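Reviewing the structure listed below.
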Amino acid sequence: MQLFNTMSGRIEPLAPSDGSALRMYACGPTVYDYGHIGNFRTFIHVDVLRRYLKQCGMAVRHVMNVTDVDDKIIRNAAIAKVGIDAYTKKFEQAFFEDMEALGVERPEVVPHATDNIAEMVTLIEELSAQGIAYQADDGSWYFRIAKFQEYGKLSKKDFEGMEDGARIDVDEYDKDAARDFALWKSVKTDANGVREPAWETALGAGRPGWHIECSAMATKFLGESFDLHAGGEDLMFPHHENEIAQSEAASHQTFARHWMHVRFLLVEGRKMSKSEGNFYTLRDLLLKGHRASAIRLLLMSVPYRHQLNFTFDGLAESTHAVERLRTFAERMRGVFPEGLDVELAQASEKARAGYDAALSNDLNTAEAKAAIFDLVRAGNSAADAGTLRAGNAAAILEVLERFDGVFAVLVDRDAEITRAALAWAEREGRLEEASAEVVAMLSLTDAAIEAMVTERTKAKKMRNFARADGLRNELLAQGIVLEDSKDGVRWKRK
RNA sequence: GGCGCGGUACCCAAGUGGUAAGGGAGAGGUCUGCAAAACCUUUAUGCGUCGGUUCGAUCCCGACCCGCGCCUCCA
């Protein structure tokens, strides 16, 4: 498997250096609010990577942190008048519910920043012993960038020509140099005299800086040197650069050998932001009737190194694509004459090979998807022509299963996921954000739908088409589509 | 200002030094009680613009135009 490495700027082989499991660290969420689709694009692409590695027979040890203390959390918790524990717990739970809804596998290790304060303190002490960390007058600890010659090697920034203070008000801090970043923030008291959450440590009372937690936790769970570090492109600088500085200055070893960065998504051609009015959480979309599976497919269809332009046209397109794949998979599960059509067997092998070639080549999800759709057409054509044999159907299902091992959209959990989102909205008093169609569509239970379908089939048998069509239209009005076939009636939610 | 990415049909989007994957949408057709699904046909002499290299460029080089990202919290 070949993957682009931000550090070298080249596509390079990715393999476990210890010969057993690939050790990877991915920056996780800061749990201060509900996750938006941009967040999930990154997590989905990391999921694509880990799923494909496993499919290639590689064991994976994937660590993803949860940042459960930072400025926003402290501020928001104070506003909500709850402790930061209670505050973050709610959003962390929501985050993992969303990940589950989007089919993102849970990493092997999910450490919390607040559970690893001791490790961070030890790391800062080590840096201090080497004269790289220093304490400023306010009690906070900073990293002295001048002591780390390779600073900027990941983001390819040359700080020689940059003047301190160009963008930062130097006087605002007690740092020795403007670019020096905080390792440990000494405890402060806000305008109302309320003391911030703080840990009493050898460094003084305070809380960790953002960057140190990833260095400490990655090292704790993966060692001082590991295979891959991933995250959103915005984290490249300063976050990942700072992680490298802290870790390598302390250990004198290469922190991560391979760096993967997922590019941002745009919404309708513009950067997603609350002020643009184009900011969407997963829950926003689910309540509007968009399906989790279609959102996953859309977010992963454009390869991770390309910007993705998220549009509602694109989402509708993905909805149809998922539907077509599911319809095809179901068709292949049908009964066919024994035997094997050689030409079609070659087509399914070609699709499998195309799928693997695409993903092996820097995770080209668009090409992998195209290979599978070639197979969909070939399989459907053969089934229509009557040349498809049981052996072909089995082979095709095998290819589809491999495809779905990474894409994970074939199993239909959409109604269940949307129901859960509605239940959440109800609990939160946000039900008015849901579209009327969604509420209507899910108000019918599967059993109720099936009863109506049976009744229509009866009417149809008696050639009472007026009655049959009436029932079909009634269901359609509630978002249920019927399809007649030789093998009976299928129904699905629109 | 510095660093980086991209401009491919109606829309989304792969890709390659030898003449354009895939998906969606539209149109026509097959099938069907009617629909739906599925399939077939069809939609870029063309890949931002202008030069250059080459037997040949969308793909390489240069300039320019446009869009976007990072440089500050941010996936």
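None of these values were measured; they are calculated from a predicted model. In what follows, every chain begins at residue 1, and chains take the letters A, B, ... in the order their sequences are listed.
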Heavy-atom contacts under 4.0 Å between residues 97-106 of chain A and RNA chain B, which residues?
none

Would you classify A:Asp71 as touching base, sugar-phosphate or nothing, given that sugar-phosphate means primed atoms plus P, OP1 and OP2, and contacts are heavy atoms under 4.0 Å?
nothing

Please list all pairs passing the salt bridge (charged side-chain N to carboxylate O under 4.0 Å, His left out) test where one or both residues lie in residues 386-396 of chain A, with sequence neighbours left out.
none

Look for any protein N or O under 3.5 Å of an N or O in nucleotides 25-32 of chain B and output each such pair with its distance, or none.
none

Pairs where residues 467-494 of chain A contributes a residue and the test ring pair (Phe, Tyr, Trp, His ring centres under 6.0 Å) is met, not counting sequence neighbours
none

Would you tabulate the side-chain donor-acceptor contacts of residues 462-469 of chain A under 3.5 Å, counting partners in other chains and residues two or more places apart, or write 'none'?
residue	atom	partner	partner atom	Å
A:Asn464	OD1	A:Arg467	N	3.2
A:Arg467	NH2	A:Glu455	OE2	2.1

Tell me which nucleotide among B:A37, B:G23, B:A21 gets nearest to the side chain of A:Arg324.
B:G23

Polar atoms only, N or O, under 3.5 Å: list the protein pairs with nucleotides 40-42 of chain B and their distances.
residue	atom	partner	partner atom	Å
B:C40	OP1	A:Ser381	OG	3.3

Selection: residues 457-465 of chain A, any non-hydrogen atom under 4.0 Å of RNA chain B
A:Lys460, A:Phe465

Note: contacts of residues 354-363 of chain A with RNA chain B (heavy atom, under 4.0 Å) are none

Between which residue ranges does RNA chain B form stems of three or more consecutive Watson-Crick or G-U wobble pairs, both distances under 3.5 Å?
B:1-7 with B:65-71, B:10-12 with B:22-24, B:25-30 with B:38-43, B:48-52 with B:60-64

Summary of protein contacts for nucleotides 5-14 of chain B, nucleotide by nucleotide, where a base hit scores B, a sugar-phosphate-only hit scores S (4.0 Å, heavy atoms):
S------BSS

Would you kindly compare A:Asp384 and A:Phe43 by the position of their nearest RNA chain B nucleotide and give the one closer to the 5′ end?
A:Asp384

With sequence neighbours excluded, what pairs up with A:Trp210 under the ring-ring contact (aromatic ring centres under 6.0 Å, His included) test?
A:His239

Using a cut-off of 4.0 Å on non-hydrogen atoms, how would the nucleic acid contact of A:Arg456 be classed: base, sugar-phosphate, or nothing?
base

Which atoms of nucleotides 59-61 of chain B (N or O only) lie under 3.5 Å from a protein N or O atom, and what are those distances?
none

